[in-house]
Each structure stands twice: as structure tokens, then as C-alpha cells.
Q: 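Below: one structure in C-alpha cells.
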Amino acid sequence: MSIHPTLRYDDPRAAIDFLVAALGFRELAAHKDGDGTIVHAELAWEDRGERGALALGARTAGDPFDTGRAVTYLTCDDPDALHSRAVAAGAVVVMGLTDQDYGSREFAVADPEGNVWSLGTYRMGAG
């Protein structure tokens with residue numbers, strides 16, 4: 001994958017725990033500073049044998065890479081199962097399971113710090 005979204009969080013550990021439990025990310029690395037704050041973490045997203053990566057770290061004053069909240073779209077083959085997993089993990093649903101006019105079945109949840117994660121079957125450039 002050549003695009004790596006990067007997000008900043010007030011509590012990166014809680015964000016990682018949420019993304020792993022609710023959405024099925026896999027934690028690859030979590031690098032801490034001398035105070036134990038996660039300054040850089042890498043998570044993997046698996047889809048159809050392809051792997052995407054997400055980087056995240058702690059929000060700090062004056063960080064030129066902290067652009068605020070984000071909306072991220074993740075492809076998946078079974079949005080119904082992933083929706084059930086997210087709800088069971090306590091995710092806030094911002095859009096329930098929806099069959100879109102463009103052929104995707106998808107839903108969206110907010111993480112504990114307000115980033116929106118949209119998950120569905122739509123694959124850009126797939127036809």
C-alpha cells in the first residue's frame with residue numbers, strides 16, 4: 001500500500017484498543033517516548049489478502065501533522081459481521097447498515113475521539 005493515513009489522538013492507547021476490538025485492526029508496533037506516551041504506532045488492516053497500514057500517535061501542541069478529525073473508508077467483504085463486532089465493542093454508530101445506490105453495503109462508526117470510520121464493500125477503481 002502506498003498511502004498511509006496518519007491520525008493524532010489525545011489517548012493513542014485507547015484509540016489502538018478501540019480499533020483492534022471494534023474494527024479488527026492488528027497492532028504492529030507502538031513506540032513510546034521516555035514518559036511512556038505512544039508517539040508512533042502502526043496498525044494493519046487486512047482485506048482480500050491485501051494489507052493497508054494506519055499510523056497514529058499522540059496529539060501534541062504545535063504538531064504540524066495534527067489536522068484534527070478524519071473520515072476513513074475501509075473495504076470489507078462482510079460489513080454486517082463487522083457492524084455487529086463494532087456494536088458489541090461499544091462503537092457509536094453514525095450510519096447504520098445501508099445499501100448505497102452505487103452498489104456498496106456499508107456503515108459508519110465514530111471512534112472515542114470523533115474520527116469516523118466508514119466500512120463497506122465499495123472498492124475504488126474496481127469497475
Side-chain angles (χ1 to χ4, degrees):
M1 179 173 176
S2 60
I3 296 175
H4 303 283
T6 303
L7 302 175
R8 297 293 189 252
Y9 285 92
D10 291 325
D11 187 345
R13 178 77 264 156
I16 292 167
D17 293 345
F18 170 84
L19 293 168
V20 168
L23 301 181
F25 275 87
R26 189 166 44 90
E27 183 177 340
L28 300 176
H31 305 280
K32 300 175 183 178
D33 65 11
D35 296 327
T37 301
I38 296 174
V39 294
H40 176 80
E42 298 172 11
L43 284 74
W45 175 255
E46 307 277 338
D47 179 57
R48 290 190 178 184
E50 296 180 16
R51 189 170 96 183
L54 169 71
L56 64 86
R59 179 170 280 125
T60 58
D63 181 353
F65 298 105
D66 185 359
T67 59
R69 293 186 181 126
V71 177
T72 305
Y73 188 89
L74 304 170
T75 57
C76 62
D77 287 330
D78 191 352
D80 293 73
L82 205 48
H83 178 270
S84 294
R85 176 184 182 147
V87 169
V92 175
V93 177
V94 298
M95 182 182 79
L97 284 163
T98 304
D99 291 318
Q100 300 290 5
D101 292 342
Y102 47 87
S104 182
R105 181 156 175 81
E106 54 196 38
F107 71 97
V109 296
D111 70 23
E113 294 193 25
N115 295 293
V116 174
W117 297 86
S118 182
L119 297 100
T121 58
Y122 181 75
R123 286 171 169 74
M124 291 183 195

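Position 1 is the first residue of the sequence, and the numbers go up from there.
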Q: Tell me every residue that passes side chain to side chain donor-acceptor pair (under 3.5 Å) with His40, counting only those two or more places apart in sequence or in another chain.
A: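 If we apply the side chain to side chain donor-acceptor pair (under 3.5 Å) test to His40, skipping adjacent residues, the hits are Glu42.
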Q: So, using side chain to side chain contact (heavy atoms under 4.5 Å, CB included) as the criterion, who are the partners of Phe65 when residues are at least two apart?
A: Arg8, Asp63
Q: If you group Ile, Leu, Val, Met, Phe, Trp and Tyr whenever their side-chain heavy atoms sit less than 4.5 Å apart, what else falls in with Phe25?
A: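 Besides Phe25, the cluster holds Leu7, Tyr9, Ile16, Phe18, Leu19, Val20, Leu23, Ile38, Leu43, Trp45, Leu54, Leu56, Leu74, Leu82, Val87, Val93, Leu97, Phe107, Val109, Trp117, Leu119.
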Q: Does Asp77 have any side chain to side chain donor-acceptor pair (under 3.5 Å) partners at least two apart in sequence or in another chain, and if so, which?
A: Arg48, Arg123
Q: How would you list, by chain and number, every residue that makes a salt bridge (charged side-chain N to carboxylate O under 4.0 Å, His left out) with Arg105, sequence neighbours excluded?
A: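 With sequence neighbours excluded, Arg105 shows a salt bridge (charged side-chain N to carboxylate O under 4.0 Å, His left out) to Asp80, Asp99, given in chain and number order.
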Q: Would you check if the side chain of Tyr73 reaches a backbone N or O of Tyr122 as a donor-acceptor pair within less than 3.5 Å?
A: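 Yes: the side chain of Tyr73 pairs with the backbone of Tyr122.
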Q: With rounding to the nearest 0.5 angstrom, report the OG1 to CG distance, Thr37 to Asp11.
A: 9.5 Å
Q: Could I get the full list of salt bridge (charged side-chain N to carboxylate O under 4.0 Å, His left out) partners for Asp33, not counting sequence neighbours?
A: none
Q: Using the salt bridge (Lys or Arg N to Asp or Glu O under 4.0 Å) rule, collect all pairs that involve residues 108-122, keeping only residues at least two apart or in two chains.
A: Arg59-Glu113
Q: Quick one: closest heavy-atom pair of Pro12 and Gly57, and the distance?
A: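 Heavy atoms only, the tightest pair is CG-C, 4.0 Å.
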Q: Quick one: side chain to side chain donor-acceptor pair (under 3.5 Å) partners of Thr72, sequence neighbours excluded?
A: none
Q: Members other than Met95 in its cluster, when Ile, Leu, Val, Met, Phe, Trp, Tyr link by side-chain heavy atoms under 4.5 Å?
A: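 Noted: Met95 shares its cluster with no other residue.
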Q: Among residues at least two apart in sequence or on other chains, which ones pass side chain to side chain donor-acceptor pair (under 3.5 Å) with Asp78?
A: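 Residues passing side chain to side chain donor-acceptor pair (under 3.5 Å) with Asp78: none at all.
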Q: Under the rule for salt bridge (charged side-chain N to carboxylate O under 4.0 Å, His left out), what residues qualify as partners of Arg85, not counting sequence neighbours?
A: none
Q: Residues in salt bridge (charged side-chain N to carboxylate O under 4.0 Å, His left out) with Asp17, at least two apart?
A: Arg13
Q: Any idea which heavy atoms bring Asn115 and Ala70 closest together, and the distance?
A: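 Closest approach of Asn115 to Ala70, heavy atoms only: OD1-N, 2.8 Å.
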